Amino acid sequence: MAKQDKDLSRITPRAESYPDWYQDVIREGQLAEVAGIVKGCMVIKPHGYAIWEKIQRELDDRFKATGVQNAYFPLLIPESFIKREAEHVEGFSPELAVVTIAGGEQLEEPYVIRPTSETIIGHFFAQWIQSHRDLPMLINQWANVMRWEKRTRMFLRTGEFLWQEGHTAHSTHEEAVERVIQMLNVYADFAQDFMAMPVIRGRKSETEKFAGALASYTIEAMMQDGKALQSGTSHDLGQNFGKAFDVKFQSKEGQLDYVWQTSWGVSTRLVGGLVMSHSDDNGLVIPPKLAPIQAVIVPFFRKNEAENEQVREEGKKLQATLQAEGVAAVFDDKEGQPGPKFYHYERLGVPLRFGVGPRDIANRTAEFKRRDQAEKRSVSLDGLVQLAKDELAAMQRELFSAALARREANTVRLDTWDDFKGLFDADEGKFVFAHWDGTKETEAKVKAETGATIRCIPMEGQGFEAEPGECVVTGKPSAQRVIWAKAY
RNA sequence: CGGGGCGUAGCGCAGUUUGGUUAGCGCGCUUGACUGGGGGUCAAGAGGCCGGAGGUUCGAAUCCUCUCGCCCCGACCA
């Protein structure tokens, strides 16, 4: 408190400015920084990348469990490929970066730096698939992509970003749709179980769907400011790309037909979702399953070197014991006072912190603090490993419950246009569950007048059951309510 | 792409209106001592072609022209 004038609290409180807070948490949590030298791009720093690696590993396992294999396709795509699917060109043209010179010479046909790989993968699928016996083809690639954005935000929208894109080909539409939903569910489970980020699964409206898809499905999460974050998508591509790239197979009956394709992806945007789901005014908060460091042990040194040596030994022992039990623990015995270390690890989002000093060694205790709780307490050294495991599990659960409770508290059913417009005019971050007549025109009107868009048409079984009614804008018949919100 | 703001030490800024010679401050950093249970104290240091180019001038961080870049707010997007 007395140190306020020393520029020590460098995180803008959320209440003051949510965008500034977001940037501050990323900086202080050492996740990433703006590259500066390359427009719209960022450097993902080791701590941020470690989180991405945990996301990757977990998702990769889950993909493979469904029979998907990894592969890799070229970064550069012949420009003509992008143009083959009409909606696809239209959707992506504005944000393409194009290579026109290579090896010092003008290229005959420019290359596009991939914004996504449906086209180039379509090309190879055409070569790899002849028979129904080659299907289903289940491929995923971990890659970087580039979409030239007018306005960028760290992790949420950058010129270049990392992601995975799954691409599958099937002999029937039913099977393809099944895969689309299956992968959507993989994403939803991952987000909720691993990232403690509650999501709503649903279908995108025509306006919001992927360029070139028959239908798009999404998981939508609510950030702390009540805005929606599209956190993962899964697309039913129908036969659109099959036709554009001549991906045909011969069926059991000997008929030639175009394959039915899907694509699905999540990106480093998830890291942005992580920040805005759990973090507080003291910095990052990472759910235990996602945390590269799950526990830190901070020693309390004094001037007595013999005592310090004991503290050091106890700290190392504690770290080893935790690691042996699968807890990613760090013992920070660097020079320096404990206070600054506390702040440091707090801002990194480390879930558990243990403090050990001479006093503790005498009493066989440790000071304990959980990142998502305000109080410290003294715990016994003997039961400490079990306590760590229990607390990690509890924190994972509680972060999810808190996020879910927040979403529920900020989701409202509205039935009149006055209420609807009034709410968004007041700039309230809410999910509004309201009826829609199903037309683009209504959607466009709402967007123009309130800034809110249809985040998704929720699927069954999530507490947003379909019920007929009247459109909140036009009063025309509506088959079901949809989720409206302002979005990132 | 429109509107606004900003480029001076690693970070945050002052100085620019009213040119003036060694360009300042806070934090951070280095070294040492004292310390040590939530950003401690003292001392000594290191660190700048003031975003870039051109011009005006005896003299430019400061004035003029051009340029590059970044951030914020809006229209388009994982």
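A quick note: this is a predicted structure, and the numbers were derived from the prediction, not measured. Heavy-atom basis, side chains included; hydrogens, waters and symmetry copies ignored. To find a chain, count down the sequence lines: A is the first, B the second, and so on, and within it residues start at 1.
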| message | Quick check, does A:Tyr343 stack with B:G38? I mean ring centres under 5.5 Å and planes off by under 30°. | response | no
| query | What class does the angle between the rings of A:Tyr187 and A:Phe63 fall in, given that below 30° is parallel, 30 to 60° is tilted and above 60° is perpendicular? | reply | perpendicular
| Sub-6.0 Å ring centroid separation between A:Trp52 and A:Phe161 | no
| said: For A:Arg203, I'd like to know if atom CZ has over 12 heavy atoms of other residues, nucleotides or ligands within 6.0 Å. | reply: no
For nucleotides 30-36 of chain B, tabulate all protein N/O to nucleotide N/O atom pairs closer than 3.5 Å, reporting atom names and distance.
unit_1, atom_1, unit_2, atom_2, d
B:G36, O4', A:Gln337, NE2, 3.4
B:G36, O2', A:Phe301, O, 2.6
B:G36, N9, A:Phe301, O, 3.4
B:G36, N7, A:Lys303, N, 3.4
B:G36, O6, A:Arg302, O, 3.3
B:G36, N2, A:Gly336, O, 3.1

| note | Winner on side-chain proximity to A:Arg147, out of B:G39, B:G37, B:A78, is B:A78
| Under the side-chain hydrogen bond (donor to acceptor under 3.5 Å, both in side chains) test, residues paired with A:Glu398 that sit two or more places apart | A:Arg370
| said: For B:U57, give the paired nucleotide (Watson-Crick: N1-N3 plus N6-O4 or O6-N4; G-U: N1-O2 and O6-N3; both under 3.5 Å), or none. | reply: none
| query | Do the two ring centres, one from A:Tyr217 and one from A:His235, sit under 6.0 Å apart? | reply | no
| remark: From the candidates B:A78, B:G39, B:G38, the one with an atom nearest any side-chain atom of A:Thr158 is B:A78
| message | From the set B:G39, B:G38, B:A78, return the single nucleotide nearest to any side-chain atom of A:Glu149. | response | B:A78
| task | Answer yes or no for this row: A:Trp163 ring on B:A78 base, centroids under 5.5 Å, planes under 30°. | result | no
| task | Return each pair, listed once, that meets side-chain hydrogen bond (donor to acceptor under 3.5 Å, both in side chains) where at least one residue sits in residues 85-94 of chain A; pairs must be two or more places apart or across chains. | result | none
| task | May I ask which nucleotide in the shown strands pairs with B:C42, Watson-Crick or G-U wobble, both distances under 3.5 Å? | result | B:G32
| message | A side-chain contact here means heavy atoms from C-beta on lying under 4.5 Å apart; do A:Thr207 and A:Ile454 qualify? | response | no
| message | If you assign each of A:Glu160 and A:Phe342 to its closest nucleotide in RNA chain B, which residue comes earlier from the 5' end? | response | A:Phe342
| Below 4.0 Å: OP1/OP2 of B:C76 and any side-chain N or O of A:Lys447 | yes
| Among residues 191-207 of chain A, which residues get a heavy atom nearer than 4.0 Å to RNA chain B? | none
| query | So what does A:Thr365 hit on the nucleic acid, given a heavy-atom distance under 4.0 Å: a base, only sugar-phosphate, or nothing? | reply | nothing
Any N/O pairs under 3.5 Å between the protein and nucleotides 71-74 of chain B? List them or say none.
unit_1, atom_1, unit_2, atom_2, d
B:C72, OP1, A:Gln23, NE2, 2.5
B:C73, OP2, A:Arg151, NH2, 2.3

| field | Side chains of A:Glu346 and A:His344, donor plus acceptor under 3.5 Å | value | no
| message | Does any part of the side chain of A:Gln23, heavy atoms only, come nearer than 4.5 Å to the side chain of A:Glu33, both counted from C-beta? | response | no
| request: Output the distance between atom CZ (A:Phe92) and atom CD1 (A:Ile77), rounded to the nearest 0.5 Å. | output: 10.0 Å
| Any strand: nucleotide that pairs with B:U62 via Watson-Crick or wobble, under 3.5 Å | none
| Watson-Crick or G-U wobble mate for B:G74, both contacts under 3.5 Å | B:C1
| said: Determine whether the aromatic ring centres of residues A:Phe420 and A:Phe424 are separated by less than 6.0 angstrom. | reply: yes
| query | Got a sec: does the CD of A:Glu305 have more than 12 other heavy atoms crowding it under 6.0 Å? | reply | yes
| request: For RNA chain B, determine which residues of residues 263-271 of chain A have any heavy atom closer than 4.0 angstrom to one of its atoms, and list them numerically. | output: A:Ser267, A:Arg269
| request: Kindly compute the distance separating NE2 (A:His278) from CZ (A:Phe400), expressed to the nearest 0.5 Å. | output: 9.5 Å
| query | Is it the case that more than 12 heavy atoms not belonging to A:Phe124 sit under 6.0 Å from its CZ atom? | reply | yes
| Is A:Lys376 touching bases, backbone alone, or none of the nucleic acid, heavy atoms closer than 4.0 Å? | base
| query | According to the Watson-Crick and G-U wobble definitions, with both distances under 3.5 Å, which nucleotide is paired to B:A14? | reply | none
| Complementary nucleotide of B:G69, counting Watson-Crick and G-U pairs under 3.5 Å | B:C6
